[in-house]
Amino acid sequence: AQKITQTQPGMFVQEKEAVTLDCTYDTSDQSYGLFWYKQPSSGEMIFLIYQGSYDEQNATEGRYSLNFQKARKSANLVISASQLGDSAMYFCAMSLSLQSGGSYIPTFGRGTSLIVHP
Amino acid sequence: DTGVSQDPRHKITKRGQNVTFRCDPISEHNRLYWYRQTLGQGPEFLTYFQNEAQLEKSRLLSDRFSAERPKGSFSTLEIQRTEQGDSAMYLCASSFGQGAATNEKLFFGSGTQLSVL
């Protein structure tokens, strides 16, 4: 079953504008973590931001913020003041315990391709 | 360079051949993950090590796949009798963690791109 859903295959944004990338997730666990990673054309996945399921405040990391709405099971990434170097694939991920008491393993969505126009 | 390194970057093989990939994690990281990524998809979990112990393995992982991390440092992923469906990017990631935690961020290598002809 699909645990992480990213419904936007591609997004376009003007340089210096803000953009929101959508992510919804599905779990009955109470304890989980939500992540966003960036994958440029070089292929290396880069960690951007983390939100814990018990965190009451939305996470922020520089120009990145995570709009966490627990009741709606959404964890959207907001990138403010887009830069040309932000053009990349963006993946939402959720860390879940695959078995009771086991390790938390990140599960990834299909990704959203972001293109920043000058 | 102190990041995660993977070797080779690209591998072309004929169907039925065996291939082996290597991953060197960040030196102080005790946890190591293998993922597979096909075009247009996100990374799919394959297996996970803590030190030298293989603690998790995807139920989707064929018996043709085997991974090792013999001394708790580098890891190898071997695919036996390759099939065209094995063509993908194989990503390795590492982290440092103790106990079960939701907030461990992964550090990824650039991957090994496998093409099976």
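So that the names make sense, note that chain A is the first sequence line, chain B the second, and so on, each numbered from 1.
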Drop me the distance from [X]'s [atom1] to [Y]'s [atom2], to the nearest 0.5 angstrom.
| X | Y | atom1 | atom2 | answer |
| --- | --- | --- | --- | --- |
| B:Ser110 | A:Gln39 | OG | CD | 9.5 Å |
| A:Phe35 | B:Glu104 | CZ | CD | 8.0 Å |
| A:Asp55 | B:Asn103 | CG | CG | 9.0 Å |

Minimum side-chain heavy-atom gap A:Phe91-B:Gln37 below 4.5 Å: yes
Any side-chain heavy-atom pair of B:Phe45 and A:Thr107 under 4.5 Å: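 Of all side-chain heavy-atom pairs linking A:Thr107 with B:Phe45, none is under 4.5 Å.
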Does [X] have more than 12 heavy atoms from other residues, nucleotides or ligands lying within 6.0 Å of its [atom1]?
| X | atom1 | answer |
| --- | --- | --- |
| A:Lys16 | NZ | no |
| B:Leu117 | CG | yes |
| B:Arg15 | CZ | no |
| B:Glu28 | CD | yes |
| B:Glu52 | CD | yes |
| A:Ile46 | CD1 | yes |

Backbone N/O of B:Leu106 and side chain of A:Tyr37: donor-acceptor pair under 3.5 Å: yes
N/O donor-acceptor pair under 3.5 Å between B:Thr102 side chain and A:Ser95 backbone: no
Under 4.5 Å from any heavy atom of chain A - which part of B:Arg59: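 Looking at B:Arg59, nothing touches chain A.
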Ring-ring centroid check B:Tyr35 A:Phe108, cutoff 6.0 Å: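 Yes, the ring of B:Tyr35 comes within the 6.0 Å limit of the ring of A:Phe108, centre to centre.
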Part of A:Ser31 within contact of chain B (heavy atom distance under 4.5 Å): both
Residue A:Tyr32 versus chain B: region with a heavy atom under 4.5 Å: backbone
hydrophobic_cluster_shared for A:Tyr25 and A:Leu48, side chain cutoff 4.5 Å: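 Yes; A:Tyr25 is reachable from A:Leu48 via cluster members.
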Joint hydrophobic cluster, A:Leu77 plus A:Met11, side-chain heavy atoms closer than 4.5 Å: yes
Considering all heavy atoms, the nearest B:Arg9-A:Ser42 contact: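 Reported closest heavy-atom pair: NH2-O, 3.6 Å.
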